[in-house]
Amino acid sequence: MTAIVVRNLPPSVHDALRRLAKAKHQPVEALVREALTELAEKSRGGIDFEKLARRRAELGLHEDGPEWTPAMDDPALSWKVLGLPMPKPRAKRKK
């Protein structure tokens with residue numbers, strides 16, 4: 001396994017990490033490893049299938065769910081199922 005050394009960490013940040021680790025009953029190293037892993041996984045992009053499954057269950061969508069309807073073609077539904085914020089509409093260009 002590889003290692004990373006973080007230099008010039010402000011004392012206030014180190015103190016905060018120690019407090020967080022103590023509250024979670026784990027070493028600072030484990031807390032930082034967990035935080036870095038989460039950050040790296042989020043930055044990979046793609047679909048979080050666990051989150052998707054939770055959202056589908058919350059919305060009552062199942063593999064053997066309802067028959068497909070035209071309303072399901074609405075892009076807003078896809079955004080909602082994926083738990084993503086709706087993009088803002090683009091302003092129309094003046095000609």
Side-chain angles (χ1 to χ4, degrees):
M1 186 169 284
T2 58
I4 297 174
V5 175
V6 180
R7 300 188 195 291
N8 302 319
L9 189 64
S12 60
V13 173
H14 188 246
D15 292 341
L17 290 171
R18 284 196 329 238
R19 284 192 306 275
L20 286 168
K22 184 177 181 180
K24 292 181 85 173
H25 305 290
Q26 65 185 51
V28 172
E29 178 185 346
L31 178 78
V32 172
R33 185 173 37 251
E34 182 181 293
L36 290 173
T37 299
E38 186 176 319
L39 177 65
E41 287 174 356
K42 284 182 181 178
S43 70
R44 282 192 324 216
I47 297 172
D48 180 343
F49 287 99
E50 290 176 6
K51 181 179 177 182
L52 177 59
R54 286 192 306 273
R55 293 288 299 152
R56 288 175 53 87
E58 289 169 7
L59 295 168
L61 302 172
H62 307 284
E63 293 301 322
D64 59 346
E67 293 295 319
W68 194 267
T69 66
M72 293 178 178
D73 289 330
D74 181 3
L77 178 63
S78 296
W79 288 93
K80 186 176 180 181
V81 169
L82 291 171
L84 299 171
M86 283 290 296
K88 294 180 181 178
R90 292 184 179 179
K92 293 183 180 180
R93 292 185 188 182
K94 293 182 181 180
K95 292 184 179 182

Handout entry: Linked, directly or transitively: Leu9 and Val28 (ILVMFWY side chains, under 4.5 Å)
Key =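 Cluster IDs for Leu9 and Val28 match.
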Exercise for the section: For the pair Arg54 and Glu58, find out whether any cationic side-chain nitrogen is under 4.0 Å from an anionic carboxylate oxygen. Expected result: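 Looking at Glu58 together with Arg54, the answer is no, because their closest N to O distance does not fall below 4.0 Å.
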Problem - Stepwise side-chain contact (heavy atoms from CB on, under 4.5 Å) check, Ile4 with Val6 - result: CA-CA 6 Å; Ile4 297 174; Val6 180; 4.3 Å; yes
Problem - Nearest-0.5 Å distance, CG of residue Leu20 to CD of residue Gln26 - result: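 Those atoms lie 9.0 Å apart.
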Practice task
Considering non-hydrogen atoms only, spot the tightest contact between Leu31 and Ala21 and give its length.
Solution key: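 Closest approach of Leu31 to Ala21, heavy atoms only: CD2-N, 3.8 Å.
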Exercise for the section: Sort and list the pairs that fulfil side chain to side chain donor-acceptor pair (under 3.5 Å) and have at least one residue in residues 5-14, not counting sequence neighbours. Expected result: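 For residues 5-14: His14-Arg18.
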